[in-house]
Amino acid sequence: MEYNFGEIEKKWQNYWKQNETYKTDIDKNKPKYYVLDMFPYPSGAGLHVGHPLGYIASDIFSRYKRLKGFNVLHPMGYDAYGLPAEQYAIQTGQHPAVTTKINIARYREQLEKIGFCYDWDREIRTCEPDYYHWTQWAFIQMFNHYFDIKLQKALPVSSLVKAFETTGTEGIQAYCTEEFSFTAEEWNSKTEKDQQETLLNYRIAYLADLKVNWCPALGTVLANDEVSEGLSVRGGHPVEQRVMRQWSLRVSAYAQRLLDGLDKIDWTESLKETQKNWIGRSEGAEMKFKVKGQGEVLEVFTTRADTIYGVTFMVLAPESELVKVCTTTEQAANVETYLAATKKRTERERIADRRVTGVFSGSYAINPVSGTEIPVYISDYVLAGYGTGAIMAVPAHDSRDYAFAKYFNLPIIPLIEGCDVSEESFDAKEGIMINSGFLNGMTVKEAITAAKKYVAEQGIGRVKVNFRLRDAIFSRQRYWGEPFPVYYKEGMPYMLDEIKLPLELPEVDKFLPTEKGEPPLGRAKGWEVDGFPLELNTMPGFAGSSAYYLRYMDPKNDKALVSPEANQYWRNVDLYIGGTEHATGHLIYSRFWNKFLFDLGVVCEEEPFKKLINQGMIQGRSNFVYRIKDTNTFVSLNLKDKYETTQLHVDVNIVSNDILDIEKFKNWLPDYASAEFILEDGKYHCGWAVEKMSKSMYNVVNPDDIVEKYGADTLRLYEMFLGPLEQSKPWDTNGIDGVHRFLKKLWGLFFKDGNLLLTDEQPNADELKTLHKTIKKITFDIENFSYNTSVSAFMICVNELFTLKCSKKAILEPLTILLAPFAPHIAEELYHVLGNEGTVCDAQFPICNEAYLVESSVKYPISFNGKVRFMLELPADMSKEEVERTALANEQTIKQLDGNSPKKIIVVPGKIVNIVL
RNA sequence: GCCCGGAUGGUGGAAUGGUAGACACGAAGGACUUAAAAUCCUUUGGCUUCACGGCUGUGCGGGUUCAAGUCCCGCUUCGGGUACCA
């Protein structure tokens, strides 16, 4: 009987499906374990061989945990809303729901072939009404809550309203866009509309006029993490700044908790570091500078209060409201010109062009500590969105201020003893203060503390913590997303009654903006409730992915996002595997979302993902052919330098071990049908390079083809064998034969020439040692996600058993179970061949018995000055002294010593002997 | 610029401070076969030697140590993230 993987895999995949082997329910008699993959966006291209890498890793761990007696939740679903389907719809008229459905079906088919242990009954799709029902529900809760600064948690807006009605803003510590101050009387006399407008200032989901990233090509705004270097992450289109009235989530209110939570979770340091930087906490002081001859005050934020004596000018962001106030009539024209020029520049241009620009406002501010008068400038190197949108410039100790001062010829006052600021600023926070009044003689650190204290005591300002993390813009001017459960009355937003959820996405005639420039939902007929118009924006991509891990716990619940029972059993994700590209987007948003739900008491764990592993990227390995210029002749790699050639990508699927299949090449593209070749030893050798896996490089490998040719078990093993899970590595199908041979060899331990070789004989010491050594190694490797070395360990084990000609049940049965997480199909087949009933998934993971591993003797490497010269086999229990004596007495040692006496002898029992000459 | 990762044969990679290159791929040679496929055996870091062996070797330069791919310091270089964040 041959190893017929095709038949075996089909057979057991059917069996698992029929027997609901992977169906999961709450079982309070077993400890739970929740393994989650970052769910995919189902693109039209289908899966390539890089996508399943993380899924295979998590699948192995899930199966392992199950064999260890855990009740494992391992679900899969689809992040089904998104731009590509909508772009495609705009081009073709095909409804995005239709393409999405087709793509999902294709993904499902591809995933099923690989033999994952997903509980498909729990599958979710973010674009399904019974799923986005709860996305809309969460949004309503966010609208109805505000963040209390003192308690550091979300509270109902209704209690805030009660406070306003009785005591106004007195004593209120609510996280808000703008500090308001009003009495109860003032509140009560406001109109409904005014009250609603005021409340938006506090709500966690709020509507506000914001400077947003507008992407004209996509016709929508984008969140900060969806923009990179001034271009949209999806599509690479230019992005510009624009002020628009948009929904936002007050993520920044949770900044401190998002930061603190990082200490409690098992993520890689680099990922935590990325989040820390994105949150960007900085401690400093907010200080007030009076504008000369006016009542106005400029507020600035600084982390270097100690440099107050070195402030030689102020700078306002062009968008700052204070620009108007500070601009004098004489300077008005210049300022106007500058503002116009700045506005025209896109984010990208500003990043690319680092030239100093700016304009004098005409006003002067007064240094609150030294009393000196300093000019106020306007420049776009100051950002409106961070701090107060205004800075005190200390050119001696800040490189940006320095460049500005040099350009405008402003004074530069050094504040640190011995620093040279003639060529560049001294940015380091070290040294002794000079030119700084009462701070003179202090170290920088002391001065920062002293200055902050002084500022607070003198009423010049206050100590403040600032965060870089900004609120998440939540509106998209697109069709293919969750509709907001929002309608408008007198221009004010109101939430739909929860009973009316889900608010389903309406049909439209075209997926384009309306003639008036409204989003596509403006085309929907009857898009209103009780005569009030519904919101025309839809939610962004991260809306649906922010709480999907909760929905898997209870995916069919139509009363709640998740029942308390399910949530308290499954709690949170124990192991989350996915790409590092979500470090600042999804992984911040879902932590925020989860914390909010935690505050509401809907979920019982504050952090959603306990342990997180980033799988590395699978890169492509491209192949090249070399065409001689102006001909249709192709020259083999090592001869190409004799000609003038053009390097062309060739489909890696018609190349094997870098040798081109010439017939397939001729049939590949019409141009090549008449191609001629200059070969080396009768073969065409291709060049190669590691590049991104993409269609245009012709280096995409489809897992279906691999499964077809080698089987799913081989694919699974080979993906793991490629290298460490977390590292990036190129996919090269060439090596796959090795793991396939391994499976055949394993099969060969069971069958030879169609006969079953299995025996009930008692295993001997060597066989037991091989088995238990492997059990130990595999257990350790799985726990440490070192799957590449486990595959090697399996190979070594089978090679040894092959040499021992071992076909004993007592050895092969535990080995089969050990292999089941990695290669479930062949393991299931062999488990039944061994005479078992049921499924290998419910077996018990073997336990290593150290007694079989004890060695009676040790081969000591005998080294001289650290260089190994020969081996000496000695009894394992020989004492240190005895080993030393025996080694020294050895004739090879005597030869090495050559009459000299050793200076020192190191004996590490069981390891090594080193003789120092 | 700043913050993270890496760098080991022709290739992917392995190595609690203790024999560098496990395990694979590829290559070369051989067995079986009419032939091919499949399978099996041998060799395979470099230099050197008929051989035993010797020398050398983990990006570069220092250091710690009886012993360094591994620890420390200083570079080079390649990836990834982030960027006027005051």
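These values consider heavy atoms only, across backbone and side chains, with no hydrogens, waters or symmetry-generated copies. Letters go in sequence order (proteins before strands), and every chain restarts at 1.
Judged by distance alone, with hydrogens and angles left aside, the side-chain atoms of A/Asn623 form no donor-acceptor pair with the main-chain N or O of A/Trp688 at under 3.5 Å. In this structure a side-chain-to-backbone donor-acceptor pair under 3.5 Å is present from A/Thr388 to A/Glu299.
Looking at heavy-atom distances under 4.0 Å, A/Met871 makes contact with a base. Within 4.0 Å (heavy atoms only), A/Arg869 reaches sugar-phosphate atoms of the nucleic acid but no base atom. Using a 4.0 Å heavy-atom distance criterion, A/Asp401 is classed as making no nucleic acid contact. Across all strands shown, A/Ser399 has no heavy atoms under 4.0 Å from either base or sugar-phosphate atoms. Nucleic acid contact for A/Ile391: base, since at least one base atom lies under 4.0 Å from a heavy atom of the residue. Within the nucleic acid shown, A/Lys859 has no heavy atom closer than 4.0 Å to any nucleic acid atom.
If you check the side chains of A/Tyr386 and A/Ser282, you find a donor sitting under 3.5 Å from an acceptor. In this model, no donor atom of one side chain and acceptor atom of the other lie less than 3.5 Å apart for A/Asp380 and A/Thr342.
Stretches of at least 3 consecutive Watson-Crick or G-U wobble pairs, with each checked distance under 3.5 Å, appear in RNA chain B as B:1-7 with B:76-82, B:10-12 with B:23-25, B:26-31 with B:39-44, B:45-48 with B:53-56, B:59-63 with B:71-75.
You'll find that the side chain of A/Lys911 is closest to B/rG18, out of B/rC84, B/rG18, B/rU19. When distances are taken from the side chain of A/Lys729 to each of B/rC25, B/rA22, B/rG13, the shortest belongs to B/rG13. Side chain of A/Thr303, nearest nucleotide from B/rU19, B/rA86, B/rA22: B/rA86. For A/Ser282, whose side chain is taken as the heavy atoms from C-beta onward, the closest listed nucleotide among B/rA86, B/rG26, B/rC85 is B/rA86. When distances are taken from the side chain of A/Asp380 to each of B/rC84, B/rC85, B/rU19, the shortest belongs to B/rC84.
Under the side chain to side chain donor-acceptor pair (under 3.5 Å) criterion, A/Ser694 pairs with A/Ser696, sequence neighbours left out. For A/Glu680, the side chain to side chain donor-acceptor pair (under 3.5 Å) test picks out A/Ser636, A/Asn638, with sequence neighbours left out. Evaluation of the ring pair (Phe, Tyr, Trp, His ring centres under 6.0 Å) rule for A/Phe794 yields A/Phe822 as partners, not counting sequence neighbours. The ring pair (Phe, Tyr, Trp, His ring centres under 6.0 Å) search around A/Phe785 returns A/Phe61, not counting sequence neighbours. Residues satisfying the ring pair (Phe, Tyr, Trp, His ring centres under 6.0 Å) test with A/Phe426, not counting sequence neighbours, are none. Residues forming a ring pair (Phe, Tyr, Trp, His ring centres under 6.0 Å) with A/Tyr407 (at least two apart in sequence, or on another chain): none.
Proximity of A/Asn657 to the phosphate of B/rC25: no side-chain N or O atom is located under 4.0 Å from OP1 or OP2. Put simply, A/Thr789 has no side-chain N or O that comes within less than 4.0 Å of OP1 or OP2 on B/rG13. Close to B/rC55, at under 4.0 Å from its OP1 or OP2, lies no side-chain N or O of A/Lys867.
For the pair A/Arg281 CZ and B/rC85 P, the interatomic distance rounds to 19 Å; values are reported in whole Å. Here B/rG13 presents its C1' atom at 16 Å from CD of A/Glu726, a figure rounded to the nearest Å. At whole-Å resolution of the value, CG in A/Leu316 and C1' in B/rC85 are 17 Å apart. In this structure, CH2 of A/Trp731 is placed 15 Å from P of B/rC25, rounded to the nearest angstrom. What separates CG of A/Asp781 from P of B/rA22 is a distance of 17 Å, to the nearest Å. Rounded to an integer number of Å, the gap from A/Asn614 CG to B/rG79 C1' is 15 Å. One interatomic measurement links the two molecules: CD1 of A/Ile378 to P of B/rC84, which rounds to 20 Å at whole-angstrom precision.
Nucleotides B/rG9 and B/rG61, compared at atom P, are 15 Å apart to the nearest Å. Comparing the same atom, P, in B/rG10 and in B/rG21 gives a spacing of 16 Å after rounding to whole Å. Rounded to whole Å, the separation between the C1' atoms of B/rC50 and B/rG45 comes to 23 Å. A distance of about 39 Å separates the C1' atoms of B/rA31 and B/rG69, rounded to the whole Å. For B/rG6 and B/rC73, the P atoms lie 15 Å apart once the distance is rounded to whole Å. Taking atom P on both B/rC85 and B/rG5, the two are 23 Å apart, rounded to the nearest angstrom. Nucleotides B/rU11 and B/rU44 are separated by 14 Å at their C1' atoms, to the nearest Å. For the P atoms, the distance from B/rG13 to B/rC84 is 35 Å, rounded to whole Å.
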How far apart are the C-alpha atoms of A/Asp398 and A/Ser425, what are their side-chain angles, what is the distance that settles it, and do they pass the side chain to side chain donor-acceptor pair (under 3.5 Å) test?
CA-CA 6 Å; A/Asp398 181 287; A/Ser425 62; over 6 Å; no
Is there any protein nitrogen or oxygen under 3.5 Å from a nitrogen or oxygen in nucleotides 3-11 of chain B, and what are the pairs?
unit_1: B/rC4; atom_1: O2'; unit_2: A/Ser270; atom_2: OG; d: 3.4

Could you list, one pair per line, each protein nitrogen or oxygen that sits under 3.5 Å from a nitrogen or oxygen of nucleotides 65-69 of chain B, together with the distance?
unit_1: B/rC66; atom_1: OP1; unit_2: A/Lys904; atom_2: NZ; d: 3.4
unit_1: B/rC66; atom_1: O2'; unit_2: A/Asn914; atom_2: ND2; d: 3.1
unit_1: B/rC66; atom_1: O2; unit_2: A/Asn914; atom_2: ND2; d: 2.7

Restricting to nitrogen or oxygen on both sides, can you table the protein-nucleotides 35-46 of chain B pairs closer than 3.5 Å?
none

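Between A/Ser792 and A/Thr388, the residue anchored closer to the 5' end of RNA chain B is A/Ser792, taking for each the nucleotide with the nearest heavy atom. Sequence order on RNA chain B of the closest nucleotides to A/Phe467 and A/Thr580 puts A/Thr580 first from the 5' end.
A/Phe408 and A/Phe404 have tilted rings, their planes meeting at an angle from 30° to 60° on a 0 to 90° scale. The aromatic rings of A/His740 and A/Tyr3 are tilted relative to each other, their planes meeting at an angle between 30° and 60°.
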Please table the atom pairs, donor to acceptor, closer than 3.5 Å between any side-chain atom in residues 722-730 of chain A and protein atoms at least two apart or in another chain.
unit_1: A/Ser728; atom_1: OG; unit_2: A/Met617; atom_2: N; d: 3.3
unit_1: A/Lys729; atom_1: NZ; unit_2: A/Pro724; atom_2: O; d: 2.6
unit_1: A/Lys729; atom_1: NZ; unit_2: A/Gln727; atom_2: O; d: 3.3

Determine all donor-acceptor pairs shorter than 3.5 Å in which one atom belongs to a side chain in residues 906-917 of chain A; sequence neighbours excluded.
unit_1: A/Asn914; atom_1: OD1; unit_2: A/Ser863; atom_2: OG; d: 3.1
unit_1: A/Asn914; atom_1: OD1; unit_2: A/Asn865; atom_2: N; d: 3.4
unit_1: A/Asn914; atom_1: OD1; unit_2: A/Gly866; atom_2: N; d: 2.9

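Remark: A/Lys683 does not engage A/Asp658 in a salt bridge, criterion side-chain N to carboxylate O under 4.0 Å.
For B/rG9, the base is syn relative to its sugar; the glycosidic angle is within 90° of 0.
Between the CG atom in A/Asn699 and the CD atom in A/Glu691 there is a gap of 6.5 Å [rounded to 0.5 Å].
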